[in-house]
Participant: 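The structure under discussion is supplied below as structure tokens; questions concerning it will follow.
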Amino acid sequence: MPVRTRTAVLFAIALILVLLLMSLSAVAWNPVLRSRAGSLEAFAPMMTLAVQRPAREDRISQALDPPALPLEASPVVGSGWDALSFGSGSLTPPDVQVAVGPSHILEAVNVNLGVYSKQGTSITSYSLSTLLATGADFISDPRIIYDRGTSRWFLTVVDVSTGQVVIAVSKTPDPLGVWLPYRIPAAPTSTCPDQPILGVGTLNIIVSVNMFSSCRSANFTYDGAQFWVVNKTNLIDGTASPSVWTSALYAEGVSIHPARMETPSPVQYLVSTLWNFATNTSSALQVFSVTGSPPGDVHVTVTESPIVLADMPPSARQPDPNYVLDTGDFRVQDAVWSRGVLWLGFNEACPGGLQIGCVRLIQLGTNPNLIRQDFRLSSASRNYFYPALALDAAGDLAILVGYSSADEYPGLLVTGRLSRDPAGVLQTPVTVRAGIGVDRSRCHPLTAVCRYGDYFGASIDPSDPGRVWFAGEFGRGLGVGWGTFVLPVQIKAMLTLSYSLDSTPVPAEGPRLHFVRDGTTSSVAIGTRPTTFLIDPGTAWHVDSNFTTPSSDTLYLARTPEDANQRGVANRSASAALAYLTQYRVTIDAGPDGLVSYALSGTGRTLQPNTNETFFVARGSVVNLTAQPSSLFYVFSGWTGDLAGTGASGSLTVDQPLSVGARFSLNWSFIAALITIIGIAVVASLVFLIRRGRRDRPAQEQAPPPAPPPPPSGPNP
């Protein structure tokens with residue numbers, strides 16, 4: 001075969017091979033499909049690589065409403081115990097007090113002192129006369145405080161026999177060790193310093209009394225209120241004659257009450273309801289600010305603020321209609337100060353002529369002196385009396401009060417509030433010791449009014465500043481006498497949460513609340529029914545702004561992720577119903593032989609061959625899809641998954657998790673036509689080349705023969 005012919009044939013064959021390779025290129029570059037190229041049915045199912053989703057029945061089975069968590073409430077009451085009670089030689093009423101140190105709890109009643117562990121184990125108890133070395137003197141009205149600044153215990157009683165106040169301070173932090181007693185005034189008097197009230201400050205201790213002309217004579221007069229300021233360092237050091245400053249005698253004052261100072265301050269505060277002796281009412285509150293320390297100068301500033309009229313509380317009923325309880329008067333029962341805030345409480349008659357006793361609560365700011373809140377704890381049928389107050393480290397208020405009614409024996413309950421709760425709001429009272437019998441201790445023979453005590457006690461726990469302790473009196477029944485009860489209390493933030501969705505069913509687990517309780521970080525799922533969670537005051541909390549189903553095919557987004565209800569600091573109780581919007585997972589797979597474009601909410605994106613994409617779409621949204629082959633050698637043959645049909649364009653309404661794949665197949669019509677065209681072109685090329693070869697051949701045959709070679713040369717003739 002001539003060289004040109006062979007070249008043309010080889011060129012045609014190479015061209016055919018190149019075109020055939022191009023027609024099969026989509027198969028050749030895909031190693032998965034290349035091994036299956038012999039069977040279109042075999043590789044077609046492999047072209048959609050959509051993520052599998054669980055069956056709809058599975059999702060419904062997971063969507064049951066979670067069970068409601070137990071409803072929790074604050075105050076949180078710890079395990080308490082019955083403590084000192086009436087016995088042989090005991091005075092009535094008990095006048096209960098409590099003080100708490102790092103390891104011990106001390107309860108004082110009129111003539112006895114009990115020492116307990118914080119688990120309620122009785123360590124010892126003994127007579128106050130033994131502790132104070134008062135011998136056979138008549139002592140009464142104890143007050144006791146543990147001072148965290150000096151790690152010492154302070155205790156006061158009135159010695160009626162000598163007309164003095166006895167002050168005792170522990171020599172060490174151990175209350176079972178030695179106590180050092182002091183007397184104010186230093187020498188006996190003929191007067192009667194009644195109901196001494198103790199306050200321990202940063203620089204001084206203050207003892208306030210109501211001064212009567214005599215404790216023993218039937219003919220006595222009330223001279224007024226007075227207080228002493230004593231250098232605290234002198235007492236701690238055991239100075240024989242500590243420095244003392246004596247206030248003026250306030251003729252119109254009654255029970256100028258030193259506040260328990262829970263945080264350091266150069267100023268020490270006392271408060272008093274100003275008594276109108278003509279009407280036996282009070283319409284003013286006095287605040288005494290004391291600065292300086294003896295033997296240096298001591299300054300007292302008195303400010304007065306008007307309050308809603310306080311009237312004498314009525315006697316409290318109990319189930320025995322013949323005997324009622326003496327609820328005292330409207331003198332300040334307890335006062336506590338911390339970080340510029342002072343709370344006080346006292347007894348009064350409920351307004352409206354109901355003849356029921358209420359507890360009045362007043363909050364003061366002390367820089368400057370300004371009443372912030374003034375409200376009552378009251379009931380339509382139950383009497384409340386003798387409040388004891390405590391502020392925890394976060395500034396939250398806990399309150400112990402006594403109660404009784406025509407149907408309830410004298411018992412104890414607690415309530416409280418957080419520092420940022422709305423004004424006048426208290427947490428729901430919790431009964432902590434129900435009375436078990438009437439109280440008929442020391443009842444007046446003519447009026448049948450029975451003495452029930454003058455005050456209850458409160459103390460913060462220095463080893464757990466979020467916990468406070470109380471001690472109070474309860475009724476035990478005829479012939480048994482009074483009993484006392486000691487207990488710990490915590491005030492928590494009550495956060496009541498629920499959530500809702502714009503779709504059903506709800507997932508098996510909702511968004512999670514992240515919070516701190518009892519010093520431990522916790523995480524709990526909230527449900528669709530309101531559930532209350534207790535949170536440590538002053539700590540941060542937040543609820544997830546989004547969450548998913550266990551299968552991760554549905555996403556829930558908070559309607560307003562930055563809403564204040566979604567996060568906060570636990571300084572108030574709150575309720576919130578959180579709303580979440582539903583988004584479903586959508587998976588789109590372009591397959592190996594084409595492109596898929598999708599549009600959503602005015603934006604679009606194109607997926608290249610052999611790629612897939614997963615994204616979340618708001619419930620009810622519409623996703624528009626368009627499939628396009630990657631070359632002329634393929635055609636779109638239909639959708640797989642949650643979109644049916646063979647049209648290249650389609651749409652999805654997203655009402656559940658969806659998965660869609662595009663299916664492409666070889667364009668055999670195009671390939672056949674291309675092969676036919678190529679074949680015709682090859683044949684035409686061959687014919688042309690062959691014919692041209694034939695035309696060229698005769699010319700070659702008629703060419704002159706080559707010239708003969710020249711004769712060989714010989715020798716010249």
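Just so you know, these numbers use all the heavy atoms, side chains as well, and skip hydrogens, waters and symmetry mates.
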Participant: Please tell me if the side chains of D147 and K232 come closer than 4.5 Å, counting only heavy atoms from C-beta onward.
Facilitator: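 The answer is yes, as the side chains (C-beta and beyond) meet within the 4.5 Å cut-off.
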Participant: Side-chain contact test, heavy atoms from C-beta onward, threshold under 4.5 Å: evaluate it for L487 versus F485 and give yes or no.
Facilitator: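 A side-chain contact exists here, since the closest heavy-atom pair is under 4.5 Å.
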Participant: Just wondering, do L84 and Y116 contact through their side chains at under 4.5 Å, heavy atoms?
Facilitator: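 Sidechains of L84 and Y116: in contact.
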Participant: Checking D159 against T134: is there a side-chain donor and acceptor pair closer than 3.5 Å?
Facilitator: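 Short answer, no.
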Participant: Is R260 salt-bridged to D334, cutoff N-O under 4.0 Å?
Facilitator: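 A salt bridge is present here (some side-chain N lies under 4.0 Å from a carboxylate O).
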Participant: Flag the pair F212 / Y222 as yes when their ring centroid distance falls below 6.0 Å, and as no otherwise.
Facilitator: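 Yes, the ring centres sit under 6.0 Å apart.
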Participant: Answer with yes or no whether the side chains of S265 and W337 bring together a donor and an acceptor at under 3.5 Å.
Facilitator: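 No, because no side-chain N or O of W337 sits under 3.5 Å from a partner of the opposite role on S265.
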Participant: Is the closest basic N to carboxylate O distance between E262 and R148 below 4.0 Å?
Facilitator: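 Salt bridge flag = yes for R148 with E262.
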Participant: Is it true that W275 and N280 share a donor-acceptor pair across their side chains at a distance under 3.5 Å?
Facilitator: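 Yes, a side-chain donor-acceptor pair sits under 3.5 Å.
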Participant: Please tell me whether T162 and R183 have a donor and an acceptor in their side chains that are separated by less than 3.5 angstrom.
Facilitator: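 Side chains of T162 and R183: pair found under 3.5 Å.
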Participant: Do V414 and Q427 come close enough that some side-chain heavy atom pair is under 4.5 Å?
Facilitator: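 With C-beta onward as the side chain, the pair stays apart.
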Participant: Within the supplied structure, the quantity of interest is the number of heavy atoms (other residues, nucleotides, ligands) at a distance under 6.0 Å from E252 CD; does it exceed 12?
Facilitator: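 Check fails, neighbour count at 12 or below.
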Participant: Please state whether the rings of F227 and Y250 are parallel, tilted or perpendicular, taking 30° and 60° as the class boundaries.
Facilitator: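 Answer is parallel, since the angle falls under 30°.
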Participant: Quick check: do S247 and V229 have side-chain heavy atoms less than 4.5 Å from each other?
Facilitator: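 The answer is no, as the side chains (C-beta and beyond) never meet within the 4.5 Å cut-off.
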Participant: Pairing donors with acceptors under 3.5 angstrom, does anything connect the side chains of N204 and Q268?
Facilitator: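 Q268 and N204 do not have a side-chain donor-acceptor pair below 3.5 Å.
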Participant: Salt bridge or not between R360 and D374? Use side-chain N to carboxylate O under 4.0 Å.
Facilitator: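 A salt bridge links R360 with D374.
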Participant: Testing the basics here: between I123 and S117, what is the closest heavy-atom pair and its distance to 0.1 Å?
Facilitator: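 Smallest interatomic distance, heavy atoms only, reads CD1-N, 3.7 Å.
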Participant: Without hydrogens or angle criteria, can the side chains of S255 and N210 be said to hold a donor-acceptor pair below 3.5 Å?
Facilitator: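 The criterion, which ignores hydrogens and geometry beyond distance, is satisfied for N210 and S255.
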Participant: Should F375 and L361 count as side-chain neighbours, where that means a heavy-atom distance under 4.5 Å?
Facilitator: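 F375 reaches L361 side chain to side chain.
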Participant: Taking the side chain as C-beta and beyond, is there a heavy-atom pair between H104 and D174 under 4.5 Å?
Facilitator: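 Yes - at least one pair of side-chain heavy atoms lies under 4.5 Å apart.
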Participant: Has R376 got its NZ or CZ under 6.0 Å from the middle of the six-membered ring of Y384, at an angle within 45 degrees of the ring axis?
Facilitator: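 Geometry flag: not set, cation outside 6.0 Å or 45°.
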Participant: Answer yes or no: is there a side-chain heavy-atom contact under 4.5 Å between K118 and V100?
Facilitator: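 Of all side-chain heavy-atom pairs linking V100 with K118, at least one is under 4.5 Å.
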Participant: Just wondering, more than 12 heavy atoms not from Y126 lying within 6.0 Å of its OH?
Facilitator: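 Counting other residues, nucleotides and ligands, OH of Y126 exceeds 12 neighbours.
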Participant: Just by distance, with hydrogens left out, do W482 and D439 show a side-chain donor and acceptor under 3.5 Å apart?
Facilitator: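 Not at all, the side chains of W482 and D439 share no donor-acceptor pair under 3.5 Å.
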Participant: With no hydrogens and no angle check, do the side chains of N110 and S140 hold a donor and an acceptor under 3.5 Å apart?
Facilitator: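 Looking only at side-chain atoms, S140 and N110 do form a donor-acceptor pair, the distance falling under 3.5 Å.
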Participant: Out of F474, F346, F456, which residue meets the ring pair (Phe, Tyr, Trp, His ring centres under 6.0 Å) rule with Y386?
Facilitator: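 Checked F474, F346, F456 against Y386; only one passes ring pair (Phe, Tyr, Trp, His ring centres under 6.0 Å): F456.
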